[in-house]
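Take a look at the structure set out below.
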Amino acid sequence: MDKTQETELAQIRPKVLATAQRFFRASHIEGDPEDVVQEVLLRLWEARRSGTQIRNAEAWAVAAAKNCCISLWRQKRPVRSYPEDLPDSHGAATSIEEAEMWQLADKALAQIPAASRRLLQLRASGLSLDEMAALTGRPKGSVKSSISAARHEMTKALFAWTEKN
């Protein structure tokens with residue numbers, strides 16, 4: 001690595017570190033932001049070494065840091081899975097509030113089409129869009145749009161139901 005690359009990486013490092021630190025604070029996941037910094041700077045160095053043209057290294061590194069943080073969050077977050085038959089009651093609820101929350105979610109889910117419910121179940125189980133597209137035989141963009149529309153419909157149903165009660 002020549003001096004100009006070292007200087008460039010030294011200038012980029014604080015921004016990448018600040019991005020990682022903000023993400024770790026906001027997402028409440030455990031880990032060391034320095035690990036993200038090292039990963040991103042290594043990726044940048046390898047990209048440059050392989051001949052990849054990067055016009056704005058700082059912007060590239062900050063975007064890579066965000067992506068790296070999101071990947072970490074996805075690996076560490078708890079995944080809530082829904083039972084196969086959604087309108088069923090949830091006897092495992094340990095409190096009245098949790099039981100009410102499940103009932104509300106069940107009512108909202110019942111308002112959306114079965115195919116959309118299935119996509120939400122697949123997404124909640126941790127499948128990627130690519131995996132879902134392969135499983136359903138639909139294009140990735142179509143799966144993504146359907147999930148977004150299902151979430152929107154579910155949110156509308158939740159707000160409509162809570163305003164009535």
Do any N or O atoms from the side chain of Glu131 and from the backbone of Ser128 form a donor-acceptor pair under 3.5 angstrom? yes
Rounded to the nearest 0.5 Å, how far apart are CG of Asp130 and CG of Leu135? 12.5 Å
When rounded to the nearest 0.5 angstrom, what is the spacing between CE in Met154 and CZ in Arg117? 10.5 Å
Contact between Ile147 and Met132 at the side-chain level, heavy atoms closer than 4.5 Å - yes or no? yes
Under a 4.0 Å N-O cut-off, is there an ion pair linking Glu34 with Arg13? yes
Report yes if some heavy atom in the side chain of Arg123 is under 4.5 Å from a heavy atom in the side chain of Arg151; otherwise report no. yes
OG1 of Thr4 to CG of Leu9: how many Å apart, nearest 0.5 Å? 9.5 Å
Ser146-Arg138 side chain donor-acceptor pair, cut-off 3.5 Å: yes
Side-chain contact, heavy-atom cut-off 4.5 Å: Trp60 with Arg43? yes
Separation between CD of Gln38 and CG of Asp32, rounded to the nearest 0.5 Å: 9.5 Å
How far does CD of Glu58 sit from CG of Leu44, to the nearest 0.5 angstrom? 11.0 Å
Tell me whether Phe23 shares a hydrophobic cluster with Leu17, the cluster being built from Ile, Leu, Val, Met, Phe, Trp, Tyr side chains joined at under 4.5 Å. yes
Exam field: side chain Thr19 to backbone Lys15, donor-acceptor pair closer than 3.5 Å: yes
If two hydrophobic side chains count as joined below 4.5 Å and joins carry through other members, does Val40 share a cluster with Trp73? yes
For Glu30, does the CD atom have more than 12 heavy-atom neighbours from other residues, nucleotides or ligands under 6.0 Å away? no
Taking every non-hydrogen atom, the tightest pair across Ala20 and Cys69: CA-SG, 3.9 Å
Would Val143 and Leu122 show up in the same hydrophobic cluster when neighbours are defined by side-chain heavy atoms closer than 4.5 Å? yes
ILVMFWY network linking Ile54 to Val37, side-chain heavy atoms under 4.5 angstrom: yes
Carefully, step by step, assess Phe24 and Leu72 under the rule side-chain contact (heavy atoms from CB on, under 4.5 Å). CA-CA 10 Å; Phe24 276 73; Leu72 280 172; 3.8 Å; yes
With rounding to the nearest 0.5 angstrom, report the OG to NZ distance, Ser145 to Lys140. 12.0 Å
